[in-house]
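A quick write-up on the structure given underneath.
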2 protein chains.
Amino acid sequence: MVNRRVDEIAAETFPARGGTRERIQSVALDLFAEQGYERTSLREIAERLGVTKAALYYHFKSKEDIIASLVSDYFGQIDDLIAWARQQPRTRETRAEVLDRYFQIVAEGSDVFRMLQQNQASIGSLAHAKQRSELFRERMDALVDLLCRPGGSLAEQVRAASALVSVSFGCMFYGDKAADREELRDAVLGVALELADAGDRADSRTSGSTR
Amino acid sequence: MVNRRVDEIAAETFPARGGTRERIQSVALDLFAEQGYERTSLREIAERLGVTKAALYYHFKSKEDIIASLVSDYFGQIDDLIAWARQQPRTRETRAEVLDRYFQIVAEGSDVFRMLQQNQASIGSLAHAKQRSELFRERMDALVDLLCRPGGSLAEQVRAASALVSVSFGCMFYGDKAADREELRDAVLGVALELADAGDRADSRTSGSTR
DNA sequence: GTCTATAGACGGATAGAC
DNA sequence: GTCTATCCGTCTATAGAC
């Protein structure tokens with residue numbers, strides 16, 4: 001709902017001019033993704049921006065606040081997707097649309113996703129975080145649920161989860177190898193849809209085919 | 001090749017008695033996985049073991065050394081797998097065997113894998129590490145290469161990578177939901193094999209089927 | 001092999017001037 | 001909104017006794 005900001009920032013090579021708050025987020029995103037949240041000091045962020053540590057505290061009340069703002073922007077988009085999907089019919093078309101929108105979110109905010117990925121430990125221990133890495137898992141479960149038949153078998157759930165991680169990690173690993181986003185989209189969604197569709201028909205290969 | 005140790009340890013609920021070095025690794029593994037490498041202090045590890053910080057320095061020359069020992073044990077197994085696979089014929093059977101062995105490694109050392117996953121940032125910045133998270137990516141690329149035809153299209157590579165992450169994350173997410181390892185194996189390898197096999201036949205759906 | 005004690009460094013955060 | 005200066009805590013690592 002609130003969250004176009006971070007993506008737009010991430011898209012630019014350098015934040016140019018504009019709100020200092022946004023420039024802080026942009027620089028922090030880069031550094032957190034490169035070296036990790038814990039290894040990045042406020043001094044470092046301030047230096048790269050050409051300001052001092054104290055200046056950061058005018059815009060964010062703590063270091064945690066900076067990463068929290070990044071995280072909530074990103075998860076907000078996922079939550080919106082889940083909310084939307086929940087009031088759609090459970091058809092093949094819906095599933096395809098869910099995967100497509102998921103791809104858009106991940107591809108667009110792939111810097112954020114990479115940062116999240118690299119700093120799972122830190123994010124899981126954020127002050128207000130529910131517990132461990134439940135933030136991530138909760139959403140994963142919700143999405144898997146939307147891609148599965150209710151009460152699906154373990155194999156079906158694994159298949160749905162695979163469809164999702166195919167999209168996420170496809171973007172992360174091959175985002176730079178693809179010529180443009182269309183090529184990436186075709187490759188990634190091709191795989192994901194195969195998985196989601198196969199999960200729809202009952203399990204044809206859950207047993208006996210593995211060796 | 002050195003590395004049965006960590007897995008055996010990880011398999012036990014509590015390290016019981018035995019070499020102090022191994023007990024340190026075991027406790028460190030737990031804490032690193034729970035709270036992250038950076039947020040875990042040597043004091044904490046020592047306390048849980050009932051010894052003092054200084055004692056740790058008798059067994060490891062630095063904090064980094066502790067996590068490095070965990071990482072190299074794990075990556076060593078992956079490297080062995082890659083080396084083995086490289087001198088096998090490139091058949092469907094080999095691919096199936098690669099995925100199966102990969103599953104064994106991940107499932108058996110799933111605690112280690114989870115720890116690695118949670119601390120990517122820290123591991124990528126280890127002193128002797130080549131660069132960033134290249135440790136991880138290098139192995140991923142090597143395995144993808146083994147599952148693909150040489151010079152495969154982007155879609156084929158994404159498919160192979162998906163097969164691998166399906167196994168890894170299938171284990172991580174559903175390792176505890178499965179009744180036993182056989183059930184997990186069937187579910188996870190079922191999906192992975194579908195992907196690997198589909199990549200073998202030319203791309204039947206890389207275009208036009210995505211919406 | 002394990003302890004006590006401490007050095008030495010650095011990070012997050014605040015106070016208060018401008 | 002940004003700066004200087006500083007406080008306070010914690011951490012890694014080492015020295016040296018037992």
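Residue numbering restarts at 1 for every chain, and letters A, B, ... go by the order of the sequence lines. Atoms considered below: every heavy atom in the structure, side chains included; atoms not considered: hydrogens, waters and symmetry mates.
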Tell me which of B:Gly50 and B:Lys53 sits closer to the 5' end of DNA chain C, going by the nucleotide each one is nearest to.
B:Gly50

Proximal nucleotide (of C:dG12, D:dC11, D:dC3) relative to the B:Ser41 side chain
D:dC11

Taken to the nearest whole Å, OH/B:Tyr57 to P/D:dA13 is 4 Å

When the distance from CZ of A:Arg39 to C1' of C:dG12 is rounded to whole Å, what number comes out?
18 Å

How many Å lie between CD on B:Glu38 and P on D:dT10, as a whole number?
18 Å

Between A:Arg114 (side chain) and A:Met172 (backbone), is there a donor-acceptor pair under 3.5 Å?
yes

Rounded to whole Å, how long is the line connecting atom CG of A:Leu56 with atom P of D:dT2?
9 Å

For a quick check under 3.5 Å, do B:Gln35 and B:Glu44 share a side-chain donor-acceptor pair by atom type?
yes

Determine: side-chain N/O of B:Thr40 to OP1/OP2 of D:dC11, distance under 4.0 Å, yes or no.
no

Without decimals, in angstroms, what is the distance between B:Leu49 CG and C:dG1 P?
14 Å

Check: B:Arg95 side chain, B:Leu193 main-chain N or O, donor-acceptor pair, under 3.5 Å
no

When you measure from the side chain of A:Lys53 to the backbone of A:Ser41, do you find a donor-acceptor pair of N or O atoms at a distance under 3.5 Å?
no

Counting only side-chain N and O atoms of A:Arg43, is one of them less than 4.0 Å from OP1 or OP2 of C:dG11?
yes

Any donor-acceptor pair under 3.5 Å linking the side chain of B:Gln157 with the backbone of B:Gly152?
yes

Can B:Asp145 and B:Arg90 be counted as an ion pair, charged N to O under 4.0 angstrom?
yes

Enter the distance from A:His59:NE2 to A:Ile24:CD1 here, rounded to the nearest 0.5 Å.
4.5 Å

Heavy-atom contacts under 4.0 Å between residues 59-68 of chain A and DNA chain D, which residues?
A:His59

How would you label the contact of B:Thr52 with the nucleic acid (heavy atoms, under 4.0 Å): base, sugar-phosphate, or nothing?
base

Whole angstroms only, please: what is the CD-P distance between B:Glu47 and D:dT10?
12 Å

Output yes when a side-chain donor or acceptor of A:Asn119 lies under 3.5 Å from a complementary backbone atom of A:Phe32, and no otherwise.
yes

Donor-acceptor pair between B:Glu38 and B:Ser122 side chains, under 3.5 angstrom:
yes

Would you please confirm or rule out a distance under 4.0 Å between OP1 or OP2 of D:dT2 and any side-chain N or O of A:Tyr58?
no

Rounded to the nearest Å, what distance is computed from the CG atom of residue B:Leu42 to the P atom of nucleotide C:dT6?
20 Å

Enumerate the protein-to-nucleotides 16-18 of chain C contacts in which both atoms are nitrogen or oxygen and the separation is below 3.5 Å.
none

Can you tell me which stems involve DNA chain C, if a stem is defined as three or more consecutive Watson-Crick or G-U wobble pairs, both distances under 3.5 Å?
C:1-18 with D:1-18

Rounded at 0.5 Å granularity, tell me how far CG in A:Leu195 sits from CG in A:Leu99.
9.0 Å

From CD (B:Glu47) to CG (B:Leu42), nearest 0.5 Å:
11.5 Å

Check: B:Glu64 main-chain N/O paired with B:Tyr37 side-chain donor or acceptor under 3.5 Å
yes

